[in-house]
Amino acid sequence: MVVDNWDGCGIYSSENLTDWKRQEKNILQEPGKGVDDNVIGGHPDVVVSGDRAFIFYFTHPGRIKGSRPNDVYQSRRSSIQVAELEYKDGQIVCDRDKPVNISLLAPNY
């Protein structure tokens, strides 16, 4: 499960959907280098396609860390980003600066 913590996104796992364990480090907490990806990522959703998983997330590029958001266009503007999720050393991670080649497959129900 991925949760927007307003400081990146928390990753939780469960074997029974009752007891949850939180991953130590949030993902999308550090800004990316891409256009409009220079702030924390939030409002996530995960799409699984074949044996790959992708996280789609929003950024608000006009929000500067440490400043108070105000009700102007630049602080409200959103950009949708995508990164591939990977399982490394027992953790779910993503490199938001790594190029993503994606071709979503229809689910096999």
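All values reported here derive from a predicted model rather than from experimental measurement.
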[X] versus [Y], closest heavy-atom pair with distance:
| X | Y | result |
| --- | --- | --- |
| D36 | Q81 | O-NE2, 3.5 Å |
| R22 | G10 | NH2-CA, 4.1 Å |
| P44 | C9 | CG-SG, 3.7 Å |
| V93 | I27 | CA-CG2, 4.1 Å |
| L85 | C94 | CD2-CB, 4.0 Å |
| S78 | F58 | CB-CD2, 3.8 Å |

Residue list, side-chain hydrogen bond (donor to acceptor under 3.5 Å, both in side chains) with D95, at least two apart or on another chain: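 Scan of D95 (side-chain hydrogen bond (donor to acceptor under 3.5 Å, both in side chains), adjacent residues dropped) gives none.
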
Presence of salt bridge, E84 and K98, under 4.0 angstrom: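 No salt bridge links K98 with E84.
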
Are [X] and [Y] connected in the hydrophobic side-chain network, where two residues link if heavy atoms are under 4.5 Å apart?
| X | Y | value |
| --- | --- | --- |
| L28 | I40 | no |
| V46 | I11 | yes |
| I92 | Y12 | no |
| Y87 | I55 | yes |

Hey, could you give me the [atom1]/[atom2] distance between [X] and [Y], rounded to the nearest 0.5 Å?
| X | Y | atom1 | atom2 | answer |
| --- | --- | --- | --- | --- |
| W6 | H43 | CH2 | NE2 | 4.5 Å |
| E86 | R52 | CD | CZ | 9.5 Å |
| D97 | E30 | CG | CD | 11.0 Å |
| D37 | Y57 | CG | OH | 3.5 Å |

So which of Q23, K21, M1 actually passes side-chain contact (heavy atoms from CB on, under 4.5 Å) with S13?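 In the set Q23, K21, M1, the residue that makes a side-chain contact (heavy atoms from CB on, under 4.5 Å) with S13 is K21.
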
Tell me whether the count of non-hydrogen atoms from other residues, nucleotides or ligands lying under 6.0 Å of CG in D89 goes above 12.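 Open: at most 12 neighbouring heavy atoms sit under 6.0 Å from CG of D89.
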
If you measure only the distance, is there a donor-acceptor pair under 3.5 Å linking the side chains of S14 and N16?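 Result is yes, a qualifying pair exists.
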
Could you walk me through whether V3 and N5 pass the side chain to side chain contact (heavy atoms under 4.5 Å, CB included) check? CA-CA 6 Å; V3 176; N5 293 22; 3.5 Å; yes

